[in-house]
Amino acid sequence: MPFADLQLIDPLLRAVRAEGYAEPSPIQSQAIPHVLAGQDLLGCAQTGTGKTAAFALPILQRLAESRLQGARRLRAMVLAPTRELASQIGASFETYGRFTGLRQITIYGGVNQNPQVERLQRGADILVATPGRLIDLLNQGHVRLDTLEVLVLDEADRMLDMGFIHDVRRIIAKLPARRQTLMFSATMPDEIRSLADSILTTPVFVAVTPAATTVDTIEQSIYFVEKGDKPALLEHLLRDVTLDRVLVFTRTKHGANKVVRQLERARVSAEAIHGNKSQSARERALSNFKDGATRVLVATDLAARGIDVDDISHVINYDLPNEPESYVHRIGRTARAGAPGIAYSFCTTDERPYLVDIERLIRLHIPRAAQHPFASQVPLPPPTDLQARGKSAPRPKARAGSSGSNGSRASQPSRRPEGPASSPRRHTSRGGPRRAEEPKRRGA
Ligand code: AMP
């Protein structure tokens with residue numbers, strides 16, 4: 001379906017063409033007609049599916065078509081959990097709205113508020129904000145939200161994880177009751193459903209690339225390794241030049257810094273991005289990574305939310321996440337916009353329970369790297385139910401986040417038949433860790 005079939009106005013079609021988008025992504029073709037019609041919407045989609053344009057394009061259109069006389073006033077607001085995500089959403093509104101004459105402002109914490117206040121005073125149509133900074137500026141009387149017509153809550157599940165839900169409710173209490181509300185979340189735990197029930201009015205539900213199918217398009221493998229060998233295994237994998245833009249995840253900020261120091265010693269260009277870095281350091285690291293000056297970006301889960309870099313060739317889970325949903329978010333950074341992606345995960349003996357949780361959630365048995373020089377000598381535990389059956393296990397109800405509608409993740413069957421636990425990973429055109437199949441030379 002071409003974009004023109006979505007009844008988008010010419011200034012938006014021009015912007016989309018300039019971005020080189022050939023056709024709408026599934027979330028865009030599903031959501032845009034409803035948002036244009038003024039309906040509330042609950043979207044189950046992660047970053048990487050094109051969800052920003054799914055809400056930004058119809059919002060821009062609605063504002064452009066009902067342009068107001070006089071001074072600009074805030075008419076649409078997007079709340080996002082992190083500053084990275086907020087600035088990417090702001091940049092998307094700039095990109096898609098550049099022929100509309102509408103103006104956006106992005107505000108987030110961790111930087112001096114004065115330039116943001118000055119911009120607010122100059123006026124804008126669209127505000128993109130993180131909850132904390134917005135509440136600060138509301139309390140100081142720098143923002144008025146009583147003129148809002150549209151609210152978007154993006155990555156609502158992350159808002160919850162980060163403890164922002166209380167702030168979000170406080171903000172929503174200040175908005176006009178008569179408004180259009182859109183809410184997006186990658187997962188739908190009970191708290192998110194109840195938030196949706198309380199802020200949305202007869203919403204349309206759209207769901208795309210549920211967890212199991214998203215991860216399905218990514219080549220994944222598990223490297224059993226002991227903690228002390230993780231640095232050597234990482235260096236070993238990075239000897240393969242096809243790993244050209246690599247996002248490495250660690251559980252802690254300290255761990256991220258350690259990996260960067262280690263890689264620098266090994267002469268691999270690497271930078272860390274996490275909450276202890278200043279905003280400007282994070283932006284610099286991200287832009288170096290985007291333009292290829294830095295080959296490896298090492299991130300923690302929170303900092304990585306919303307990282308919008310195309311062509312990430314590999315995601316490496318240096319530490320397995322203890323929340324299985326994070327695994328889905330992490331590996332979703334590769335394989336953007338339909339491109340193939342590759343994800344390697346290191347797993348120590350201590351982390352094996354996390355692996356069980358992950359495989360249960362994604363309903364896939366992740367292939368084990370056949371052989372590698374740093375393979376753990378600790379014997380594998382007896383196979384879990386999942387491994388014994390070769391693939392899927394029922395997803396625990398508490399996590400399933402059943403949508404109860406089309407695209408329900410809980411009802412998705414496992415999509416890829418998997419081989420036994422020892423099956424080697426398939427190699428793709430991007431190449432894989434070729435040396436992973438060399439004979440072991442540990443202790444040599
Ligand atoms: P998002 O999920 O909004 O973070 O978007 C993920 C990436 O997909 C961004 O780099 C967008 O520029 C890109 N994108 C969004 N819509 C389309 C489309 N229709 N065709 C191709 N790329 C797109």
Side-chain angles (χ1 to χ4, degrees), residues 1-8 12-33 35-36 41-61 76 78-98 104 106 126 128 152-158 182-187 206-211 213-215 217-218 245 247 286-287 289-292 297 299 303-313 315 328-341 407:
M1 176 209 272
F3 268 103
D5 285 4
L6 290 173
Q7 316 297 327
L8 291 173
L12 297 176
L13 291 177
R14 275 170 63 201
V16 162
R17 253 197 316 274
E19 281 303 286
Y21 300 171
E23 55 180 33
S25 69
I27 184 93
Q28 292 162 4
S29 47
Q30 287 181 52
I32 288 175
V35 183
L36 280 178
L41 181 133
L42 178 59
C44 189
Q46 354 178 314
T47 299
T49 55
K51 72 177 158 64
T52 316
F55 62 78
L57 289 168
I59 288 175
L60 287 161
Q61 177 144 334
V78 184
L79 289 179
T82 62
R83 35 196 181 181
E84 279 78 19
L85 184 62
S87 49
Q88 279 160 20
I89 294 169
S92 296
F93 270 101
E94 294 281 344
T95 304
Y96 304 136
R98 64 186 177 195
Q104 73 84 33
T106 304
I126 299 148
V128 183
V152 182
L153 205 56
D154 198 13
E155 300 206 344
D157 53 350
R158 275 291 133 169
L182 317 175
M183 183 168 150
F184 291 86
S185 192
T187 57
V206 297
V208 295
T209 52
T213 48
T214 304
V215 297
T217 63
I218 298 168
R245 186 166 298 167
L247 184 56
L286 202 52
S287 98
F289 186 56
K290 274 185 180 174
D291 66 25
L297 189 66
R305 286 299 290 190
I307 286 183
D308 178 19
V309 180
D310 293 332
D311 302 325
I312 289 179
S313 67
V315 164
V328 178
H329 290 308
R330 287 177 177 191
I331 71 168
R333 310 286 112 185
T334 180
R336 309 296 293 269

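All figures in this text were calculated on a predicted structure; none of them were measured in a lab. The first residue of the sequence shown is numbered 1, and numbering continues consecutively from there. Remember, it's 1-based here, ligands and their atoms both numbered in the order they're listed.
On a distance-only criterion, Tyr96 and ligand 1 share no N/O pair closer than 3.5 Å. The shortest N or O to N or O distance between Gly50 and ligand 1 is under 3.5 Å.
With hydrogens and angles disregarded, no donor-acceptor distance shorter than 3.5 Å links the side chain of Thr106 to the backbone of Val128. With hydrogens and angles disregarded, a donor-acceptor distance shorter than 3.5 Å links the side chain of Gln61 to the backbone of Gln7.
When each of Leu8, Val16, Leu6, Leu57 is checked for a side chain to side chain contact (heavy atoms under 4.5 Å, CB included) with Pro24, only Leu6 meets the rule. For the side chain to side chain contact (heavy atoms under 4.5 Å, CB included) with Glu155, the qualifying choice from Thr187, Leu85, Leu79 is Leu85, the only one to do so. Checking Val152, Val206, Leu182 one by one against Val35, the side chain to side chain contact (heavy atoms under 4.5 Å, CB included) holds for a single residue, Leu182.
Per-residue contacts place Phe3 under 4.0 angstrom from the following atoms of ligand 1 (heavy atoms of the residue considered): 19 (N). Residue Ser25 has at least one heavy-atom neighbour below 4.0 Å for each of these atoms of ligand 1: 19 (N). Which parts of ligand 1 touch Thr52 is read off a 4.0 Å heavy-atom cut-off, strictly below it: atoms 1 (P), 3 (O), 4 (O). When each atom of ligand 1 is checked for a heavy atom of Glu23 under 4.0 Å away, the hits are 18 (C), 19 (N), 20 (N).
Remark: among candidates Phe55, Phe184, Tyr21, the nearest residue to atom 17 (C) of ligand 1 is Tyr21, based on non-hydrogen atoms.
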| message | Between Ile312 and Phe289, does the side-chain contact (heavy atoms from CB on, under 4.5 Å) criterion hold? Intermediate values first, please. | response | CA-CA 9 Å; Ile312 289 179; Phe289 186 56; 4.1 Å; yes
